Amino acid sequence: MALTGRTALIAALGALVVGLLPGWHGVLAVLLPLLAAVGYDLARAAPVRTLRLARDGDTSARLGETADVRLTVTNPAGRPLRAELRDAWPPSAWQPGAAYAAARHRLTVPARERRRITTTLHPTRRGDHRAARVTIRSHGPLGLAARQGSHEVPWTVRVLPPFTSRRHLPAKLARLRELDGRTTVLTRGEGTEFDSLRDYVPGDDVRSIDWRATARQSAVAVRTWRPERDRHLLLVLDTGRTSAGRVGDIPRLDAAMDAALLLTALATRAGDRVDLLAFDREPRASVRGRTGRDVLPATVAALATLEPRLVETDTSALAATALARAPRRSLLVLFTGLDAAPVEAGLLPVLPRLTERHTVLVAAVSDPRIAELAARRGTVTAVYEAAAAARHQAERQRTAQRLRTLGVTVVDATPAALAPALADAYLALKTSGRL
């Protein structure tokens, strides 16, 4: 049983009356009617335990979007339900400060009827968000007392990566079509897979002339090429401690995920096969053997619940797992950091095993604040910060250059620029015939 604010107000007025009427007569004159009214109100309040609750609605949403979860309340009792309801979810299911208002509802359900309410979630983190208990306070007709109880009504909303780099996809697909010879802008002499024959026009590379075909017809014929299809890409996300560092408002891992999604969408449109591996000391997520339109949804689902771990990545085990997942020559895209110590101690010793069989591309997230600090002047503190930032930039550039001398393609960009830069690097590899 719960007493309401209205009951407290009446009790305060009763205390005033008692002060005016001395003795037990004043107490009884106020207390007995109040207790009778509270008892009547409690008796007429609809029971909470017998209520039947069920959920439906959204089961997934992208980070930054909203999800509507509906709750159906059925009142089997013979008395109407006048209630306050709290639909509890984890704090990360709401925008800061919005949980109190968004989770609370007022509803009236007539006897033996049902009503539906909608709770709108606005998650602030990826992953699975599970509903907590539903607490209901059923008021009597006088509003003096209420019954209160809770129900467990399970529901899970999976919050997917936002895929903000999707806006770059049309431009990258247009570039891909140019390379593939499917637009009026024909890029001649590029690619490694024969496409078709056509008549020679001034400006064509004479090395593309097909002399045998020319001998069989009256016009000079040239060969056109396109980037090879059905190549294999293995995207490897390092989920160790370096991926937990925040750049701006997001962890490095989230920026790497966004770039991985754009590359997956682009590569599948190009006819290539894309697999995914997330690894620190053991595999954390995996997508294998998916083709066509199934690849991107499977990748998004695999990344939704992935979180960085505060452990040092076992790069030897990572390399062994990657080689086992890609037995034939592939493009191995490794999303990791470029900090000198982890690269020298972990990545460099295993690189020869990877580059011997595969084309390796390292994608790293840089912090734009470092460049801002390096440009600061004016105070002693600013100069010291600029010197530290410049040293960090120099170490990072030396590490990237060392990887390049081992035959690795390096993409080092800020979170906003990483996805398009990685897509451009992929297209450049197809253009040069290295993929």
Side-chain angles (χ1 to χ4, degrees), residues 163-211 213-214 219-235 256 258-276 290-297 299-300 329-333 335 358-363 404 407-435:
F163 196 8
T164 55
S165 62
R166 186 198 300 267
R167 66 183 184 275
H168 299 291
L169 186 58
K172 305 308 175 185
L173 289 176
R175 175 59 180 158
L176 179 65
R177 287 192 293 269
E178 291 180 11
L179 296 179
D180 207 13
R182 290 198 298 268
T183 63
T184 56
V185 181
L186 180 61
T187 305
R188 297 182 293 273
E190 295 183 342
T192 58
E193 187 174 282
F194 175 75
D195 184 25
S196 61
L197 293 171
R198 61 171 177 80
D199 291 341
Y200 174 85
V201 296
D204 282 342
D205 190 344
V206 294
R207 292 175 295 180
S208 64
I209 297 176
D210 189 317
W211 296 106
T214 300
V220 178
V222 296
R223 295 184 295 268
T224 60
W225 307 86
R226 66 181 180 186
E228 293 190 46
R229 291 176 172 271
D230 198 30
R231 292 309 186 209
H232 181 231
L233 281 73
L234 178 59
L235 312 185
D258 193 50
L261 291 176
L262 180 63
L263 182 56
T264 299
L266 181 61
T268 52
R269 297 285 188 91
D272 292 331
R273 295 175 293 112
V274 182
D275 290 340
L276 173 76
R290 300 299 183 97
T291 58
R293 296 183 178 180
D294 295 336
V295 179
L296 188 59
T299 303
V300 171
R329 186 165 186 82
S330 308
L331 173 61
L332 182 62
V333 183
F335 295 87
H358 303 299
T359 300
V360 179
L361 190 157
V362 171
R404 293 187 180 102
V408 177
T409 301
V410 178
V411 177
D412 184 20
T414 61
L418 180 64
L422 181 60
D424 289 338
Y426 164 77
L427 293 173
L429 290 173
K430 292 189 79 69
T431 302
S432 62
R434 295 179 59 191
L435 176 58

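Source: prediction; values computed, not measured.
One finds the OG1 atom of T409 at 11.5 Å from the CG atom of L332 (value rounded to the nearest 0.5 Å). Atom-to-atom distance recorded for L331:CG and Y426:OH is 8.0 Å, nearest 0.5 angstrom.
Legend: residues meeting salt bridge (Lys or Arg N to Asp or Glu O under 4.0 Å) with D294, ordered by chain and number and at least two apart, are absent. Residues passing the side chain to side chain donor-acceptor pair (under 3.5 Å) test with H232, sequence neighbours excluded: D275, S330. Scanning for side-chain contact (heavy atoms from CB on, under 4.5 Å) contacts around R167 gives T164, with sequence neighbours left out. Under the salt bridge (Lys or Arg N to Asp or Glu O under 4.0 Å) criterion, R290 pairs with no residue, sequence neighbours left out.
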Next item on the list: Give the C-alpha distance, both sets of side-chain angles, the deciding distance and a yes or no for side-chain contact (heavy atoms from CB on, under 4.5 Å) between K430 and D272.
Entry: CA-CA 11 Å; K430 292 189 79 69; D272 292 331; 3.0 Å; yes
Next item on the list: Test L296 against T268 for side-chain contact (heavy atoms from CB on, under 4.5 Å), laying out the working first.
Entry: CA-CA 8 Å; L296 188 59; T268 52; 5.7 Å; no
Next item on the list: List the steps and the verdict of side-chain contact (heavy atoms from CB on, under 4.5 Å) for V333 and V411.
Entry: CA-CA 10 Å; V333 183; V411 177; over 6 Å; no
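Side-chain contact between L429 and L361: present, with at least one pair of heavy atoms (C-beta onward) separated by less than 4.5 Å.
Screening T431, L266, D424 for a side chain to side chain contact (heavy atoms under 4.5 Å, CB included) with R175, the sole residue that qualifies is T431. Partner of V295 under the side chain to side chain contact (heavy atoms under 4.5 Å, CB included) criterion, chosen from V274, L276, V300: V274.
Among all heavy-atom pairs drawn from H358 and R329, the shortest one is N-NH1, 3.7 Å. Between F163 and A265 the shortest heavy-atom distance is CZ-CB, 4.4 Å. For the residue pair L169 and R269, the shortest heavy atom distance occurs at CD2-NH2, 4.5 Å.
Here salt bridge (Lys or Arg N to Asp or Glu O under 4.0 Å) pairs that include residues 411-422, with residues two or more places apart or in two chains, are R396-D412.
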Throw together a table of side-chain donor-acceptor distances under 3.5 angstrom for residues 415-423, partners on residues two or more places apart or in other chains.
none

